[in-house]
Amino acid sequence: MTYRDRVAALLKDRPFRWIDGRQLATIGGAYAWRTRLSECRTQLRMDIRNRQRKVNQVVVSEYQYCPPAQPGLFDD
């Protein structure tokens with residue numbers, strides 16, 4: 001399994017949940033995890049969002065996978 005696929009699998013296993021970039025670095029490679037995210041976005045067409053927030057004067061960067069809506073999933 002490639003680093004890109006590992007990052008994609010983690011995000012797909014946790015849809016709509018914010019994941020700390022430091023966690024992505026542990027599975028996507030310490031110096032290349034941002035490239036792996038970019039590959040997920042462009043090559044796999046994944047909708048991945050980013051937010052940054054301060055926690056105790058440290059900026060935390062988090063990422064969230066938003067899968068496409070599945071037709072009929074919430075239809076009556």
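Residue numbers count from 1 along this sequence.
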Legend entry - Contact list for residues 5-19, test side-chain hydrogen bond (donor to acceptor under 3.5 Å, both in side chains), sequence neighbours left out: Thr2-Asp5
Legend entry - Asn50 side chain near Gln64 side chain, heavy-atom distance below 4.5 Å: no
Legend entry - Non-hydrogen atoms of Arg36 and Gly28 that approach each other most closely: CG-O, 3.5 Å
Inset, instruction - Of all the heavy-atom pairs spanning Gln23 and Thr26, show the shortest one and how long it is. - result: O-OG1, 2.6 Å
Legend entry - Neighbour count >12 (heavy atoms, 6.0 Å) for atom CZ, Phe16: yes
Inset, instruction - List in chain and number order the residues that pass side chain to side chain donor-acceptor pair (under 3.5 Å) with Arg45, two or more places apart in sequence or in another chain; answer none if no residue qualifies. - result: none
Inset, instruction - Report the distance from atom SG of Cys66 to atom CZ of Arg49, rounding to the nearest 0.5 Å. - result: 3.5 Å
Legend entry - Electrostatic pair Glu39-Arg4, nearest N-O below 4.0 angstrom: no
Inset, instruction - Return yes when atom CZ of Arg41 has more than 12 non-hydrogen atoms of other residues, nucleotides or ligands closer than 6.0 Å, and no otherwise. - result: yes
Inset, instruction - Show which residues join Trp33 in its hydrophobic cluster (side-chain heavy-atom contacts under 4.5 Å, direct or indirect), or state none. - result: Val7, Leu10, Leu11, Ile19, Leu24, Ile27, Leu37, Leu44, Met46, Ile48, Tyr63, Tyr65
